[in-house]
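Chain identifiers are assigned alphabetically (A, B, ...) following the order of the sequence lines, protein sequences preceding nucleic acid strands; residue numbering begins at 1 within each chain. All values below were derived from every heavy atom in this structure, side-chain atoms included, with hydrogens, water molecules and symmetry-related copies excluded.
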There are 2 protein chains.
Amino acid sequence: MQEKTKRARRLPREVRERQILDAAVEVFSANGYHAASMDEVAEVAGVSKPMVYTYLGSKEDLFAKCIRREAKRLLDAVAEGVDTDMSPDMQLWSGLRSFFSFVGDNRSSWLVLHRQALSVGGSFAEEISQMRARSIELVAAVVVATGTRQGIGEQAEKSAEGLAAALVGAAESLAVWWLDHPDVSDGLLASWLMNLVWLGFGDLVKGEVWTPNLPAAT
Amino acid sequence: MQEKTKRARRLPREVRERQILDAAVEVFSANGYHAASMDEVAEVAGVSKPMVYTYLGSKEDLFAKCIRREAKRLLDAVAEGVDTDMSPDMQLWSGLRSFFSFVGDNRSSWLVLHRQALSVGGSFAEEISQMRARSIELVAAVVVATGTRQGIGEQAEKSAEGLAAALVGAAESLAVWWLDHPDVSDGLLASWLMNLVWLGFGDLVKGEVWTPNLPAAT
DNA sequence: TAGTAAACCTACCGACGAGTAGATTACGAG
DNA sequence: CTCGTAATCTACTCGTCGGTAGGTTTACTA
């Protein structure tokens, strides 16, 4: 009577865990941590609630695992495109391209990391902050390298971390803006930001443009 | 027996409303919208729960009123320091100074606006997004003015809104970074960001610095 | 000083959602 | 074939929290 392929049943644990995590990312990113219910996660995942608890633990556990997985994916994606042997501006450029590319392909991941993780005042809120801080430090390293390589940077070095924070925030904000303006390519976004932070408005209005193969000012 | 000044009692409605709103901003900023309870708001405000409902309405109403009040305060603070007759770079400079000054003096306001408002998926989440969008448009206007004033900006004009979004995000991110590094003055933050967006890294490492009295490039 | 309106409270309800108890069913090994 | 174990479900408990009913107290006013 019932078709035998009605529903994928009795799947091995690891597969179910992945499905549940996927569902959780979706639900958390759509509703936010508090508004999301475990029932909904279970429903989206196509399993019953006790499975979620058996495999992934409490709601906090589940959320933490989502965050960690997605953060790792994002960081890996960015790291893959960046080679520390490249010149600082090329490192920035590559990182930005990878970042926007990832966000474009993984909206839910990005939303759950950016919007939800910060607003949860728990133990892993700190964890997330630290991840973001690490990212900032990586960028700061590039900023410092930019300065030292050119033998400058008294003030720039001191303020490197702040500048890096600003840059990271600019990228994040641009990613959010992107959600409302999808008719722009990821590469274009990256080039906008690269021009902004490398040349600044002062140079931009003079018509200068930064390009990958023609770095720095003319 | 009991001192007659034991507790401020029987206060007029408008005073109580302000107290409750103040408490709500505090509680929402500390715990987030969902985790915050009306009981706690009432307790912090020093009144009983029905008063909160009688005066401010439902939890959503209360939150919306918090958001609107604090957003207005922030926007007014920034607008006060900016004169549209000034040159674009001076407008940016003044706006940034006002912004960081406000954030420094009103951490809770800033937190409730930045962290909580975005993560609540409701009707006013949209409202908040629109407020932020308006801010971005204001900045975009300055960016465009920068371009047109100097007779350029084909690409810059087209990307003005994106650049403005990036700039706003950079300021927000720097404000968040500030929470963990309070040993920096608001003015210094503003000057960092101003140097970044006006000159860019490319110029910064060459030792150029933007100063209020010596605007634009030499 | 009585009367009235506004300020204010205690005590409760109902819904919702995290988390669990305990049974049940399918798959693989021997 | 059967038997153990892993996968899975239904159906509950219980705490929390948004929201309210209904009464009580204070201050002002005529």
[X]: what forms a side-chain contact (heavy atoms from CB on, under 4.5 Å) with it, not counting sequence neighbours?
X: A:A140; answer: A:A164
X: B:A36; answer: B:V27, B:F28, B:N31
X: A:T54; answer: none
X: A:D39; answer: A:S37, A:K49

How many whole angstroms separate atom [atom1] of [X] from atom [atom2] of [N]?
X: A:M51; N: C:dA21; atom1: CE; atom2: P; result: 17 Å
X: A:E17; N: D:dT8; atom1: CD; atom2: C1'; result: 15 Å
X: A:L11; N: C:dC27; atom1: CG; atom2: P; result: 10 Å
X: B:E43; N: C:dC8; atom1: CD; atom2: C1'; result: 17 Å

Quick one: salt bridge (Lys or Arg N to Asp or Glu O under 4.0 Å) pairs with a partner in [range], sequence neighbours left out?
range: residues 171-181 of chain A; answer: A:R132-A:E172
range: residues 101-120 of chain B; answer: none
range: residues 71-82 of chain B; answer: B:E70-B:R73, B:K72-B:D76

Under 3.5 Å, which N/O atoms of the protein pair with N/O atoms of nucleotides 26-29 of chain D?
unit_1	atom_1	unit_2	atom_2	d
D:dT26	OP1	B:R9	NH2	2.9

Could you list the protein-to-nucleotides 18-21 of chain D atom pairs, N/O on both sides, closer than 3.5 Å?
unit_1	atom_1	unit_2	atom_2	d
D:dG18	OP1	B:A36	O	3.2
D:dG18	OP1	B:K59	NZ	2.8
D:dG18	OP2	B:M38	N	2.8
D:dG18	N7	B:K49	NZ	3.4
D:dG19	OP2	B:Y53	OH	3.4
D:dG19	OP2	B:K59	N	2.9
D:dG19	N7	B:K49	NZ	2.9
D:dG19	O6	B:K49	NZ	2.6

Inset, instruction - Report yes if at least one side-chain N or O of A:R13 is closer than 4.0 Å to OP1 or OP2 of D:dA7; otherwise report no. - result: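 No, A:R13 has no side-chain N/O under 4.0 Å of OP1/OP2 on D:dA7.
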Inset, instruction - Might you point out which heavy atoms bring A:Y33 and A:Q116 nearest each other, and give the distance in Å? - result: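 Scanning both residues, the minimum pair turns out to be N-OE1, 3.9 Å.
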